[in-house]
Amino acid sequence: SVFIEKYIENPKHIEFQIFGDSSGNVVHLFDRECSVQRRHQKIIEETPSPLLTPELREQMGQAAVMAAKAVHYHNAGTIEFIFDPTTTQYYFLEMNTRLQVEHPITELVAGIDLVQWQIRIAAGEKFPFTQSDFHQHGHAIECRVYAEDPSNGFLPSTGRLLQFLEPRGPGIRVDSGFKTGSDVNHFYDPLLAKLIVHAETRDV
């Protein structure tokens, strides 16, 4: 047998955050673009995607909701698509049945604490919102900060953090569990921190 896949010359990775409860209420919390990757690992994510029109965003969001409903999914999840910017066609890639590393940018733009609601839905609560309750406010970008060795092909690096200074200011959020003097070992992912910024527009 032969398996043939469509070749997309310039693919983009666009995903939709979805939330559903045990009562069958499912909504999407808009898109995230995760096209900047190295070795198939996301590095920079942003929302909203600068590639999508409002009409296409709504269409893809509804497709994500339908996919979640088809498997009677409840709680937090992510429906991921491969997007062809040349034809504006999109194709289902996978579903992640969890919150992802890049969820903070959705929290900032959609105005909801996703971690809190993941726990509350798991405890049996009904998700009290409908799709019309959510709107995108501003633009958010997340940059993953890794412990890597650029002289060795950016492979993970271990050792002691001699200096770790987090940026601060309006619109800046840092999620991290490290500080100056912390040890970075080989037992965990080399991700040190997530730098998340939020502003009214992408250009700011």
Side-chain angles (χ1 to χ4, degrees), residues 11-35 37 40-49 51-84 88-142 144 173-177 188-189 191 193-198:
K12 302 297 181 181
H13 186 134
I14 296 178
E15 61 191 28
F16 276 75
Q17 178 72 59
I18 58 100
F19 250 91
D21 61 26
S22 57
S23 300
N25 177 34
V26 182
V27 301
H28 71 82
L29 299 173
F30 309 107
D31 55 294
R32 296 188 291 254
E33 182 166 344
C34 312
S35 301
Q37 303 183 15
H40 307 294
Q41 176 65 54
K42 300 170 184 175
I43 300 175
I44 296 176
E45 302 100 348
E46 66 177 304
T47 183
S49 167
L51 294 176
L52 300 186
T53 63
E55 294 77 18
L56 191 53
R57 178 172 292 109
E58 176 63 20
Q59 183 181 345
M60 293 178 70
Q62 287 306 311
V65 168
M66 290 173 61
K69 286 184 174 181
V71 295
H72 307 289
Y73 185 77
H74 66 274
N75 216 304
T78 306
I79 305 291
E80 305 198 6
F81 298 98
I82 291 293
F83 178 73
D84 186 342
T88 68
Q89 295 295 307
Y90 55 92
Y91 306 89
F92 175 77
L93 176 63
E94 65 178 356
M95 180 182 189
N96 278 299
T97 54
R98 55 181 170 81
L99 284 181
Q100 299 204 153
V101 174
E102 58 272 25
H103 78 270
I105 58 175
T106 296
E107 289 186 328
L108 292 173
V109 170
I112 183 173
D113 186 331
L114 299 180
V115 176
Q116 178 190 137
W117 276 106
Q118 181 183 40
I119 296 170
R120 293 175 69 171
I121 291 175
E125 288 193 37
K126 182 178 179 180
F127 196 56
F129 307 106
T130 64
Q131 193 64 60
S132 61
D133 292 318
F134 293 104
H135 305 278
Q136 291 174 300
H137 301 284
H139 199 100
I141 298 175
E142 174 180 295
R144 303 189 189 191
R173 167 178 166 176
V174 178
D175 289 1
S176 175
Y188 301 101
D189 187 277
L191 181 65
K194 300 183 295 184
L195 171 61
I196 307 110
V197 292
H198 181 231

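Since we're looking at a predicted model, the values are computed, not measured.
- By the side chain to side chain contact (heavy atoms under 4.5 Å, CB included) test, Asp175 pairs with Pro104, Arg173, Lys194, Ile196, sequence neighbours left out.
- Listed by first and then second residue, the salt bridge (charged side-chain N to carboxylate O under 4.0 Å, His left out) pairs that reach into residues 53-77 are Asp31-Arg57, sequence neighbours excluded.
- You'll find the side chain of Glu94 reaches within 4.5 Å of the side chain of Asn96, heavy atoms only.
- When all heavy atoms are compared, the tightest approach of His74 to Ser22 is CB-N, 3.7 Å.
- With sequence neighbours left out, the salt bridge (charged side-chain N to carboxylate O under 4.0 Å, His left out) criterion links Lys42 to Glu15, Glu80, Glu102.
- The distance from the CD atom of Gln100 to the OG1 atom of Thr106 is 9.5 Å, given to the nearest 0.5 Å.
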Open item on the list: If you apply the rule side-chain contact (heavy atoms from CB on, under 4.5 Å), what do you find for Tyr73 with Val26, and how did you get there?
Closed with: CA-CA 8 Å; Tyr73 185 77; Val26 182; over 6 Å; no
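- Of the candidates His198, Glu45, Arg32, Glu142 forms a side-chain contact (heavy atoms from CB on, under 4.5 Å) with just one, namely Glu45.
- Residues His103 and Thr78 fail the side-chain proximity criterion, which asks for heavy atoms closer than 4.5 Å.
- A donor-acceptor contact shorter than 3.5 Å links the side chain of Ser49 to the backbone of Leu51.
- Here the NE2 atom belonging to His13 is positioned 6.5 Å from the CD1 atom belonging to Ile82, to the nearest 0.5 angstrom.
- One finds the CG atom of Leu29 at 10.0 Å from the CD atom of Glu107 (value rounded to the nearest 0.5 Å).
- When all heavy atoms of Asn75 and Ala122 are compared, the closest pair comes out as ND2-N, 3.3 Å.
- Asp21 contributes atom CG, which lies 11.5 Å from atom CZ of Phe129 (distance to the nearest 0.5 angstrom).
- Using cut-offs of 30° and 60° for the angle between ring planes, the Phe127 and Phe19 rings count as parallel.
- Residues Phe83 and Thr88 meet the side-chain proximity criterion, which asks for heavy atoms closer than 4.5 Å.
- Listed here is the closest heavy atom pair of Val109 and Thr47: CG2-CG2, 3.7 Å.
- Of the possible polar contacts, one joining the Gln131 side chain to the His28 backbone as a donor-acceptor pair under 3.5 Å is found.
- The aromatic ring centres of Phe30 and Phe134 sit 6.0 Å or more apart.
- Nearest heavy-atom pair across Ile18 and Ala64 is CG2-CB, 4.0 Å.
- Screening residues 116-130 for salt bridge (charged side-chain N to carboxylate O under 4.0 Å, His left out) gives Arg120-Glu125 as the qualifying pairs, with residues at least two apart or on separate chains.
- Among residues two or more places apart in sequence or in another chain, the side chain to side chain donor-acceptor pair (under 3.5 Å) test is passed with Gln89 by none.
- For His139, the side chain to side chain donor-acceptor pair (under 3.5 Å) criterion is met by Glu46, not counting sequence neighbours.
- One distance of note links CE of Met95 with CD1 of Ile79; it measures 4.0 Å at 0.5 Å rounding.
- Two residues are said to be in side-chain contact when any heavy atoms from C-beta on lie closer than 4.5 Å; Ile112 and Trp117 meet this criterion.
- When all heavy atoms of Ala193 and Ser176 are compared, the pair lying nearest together is CB-CB, 3.6 Å.
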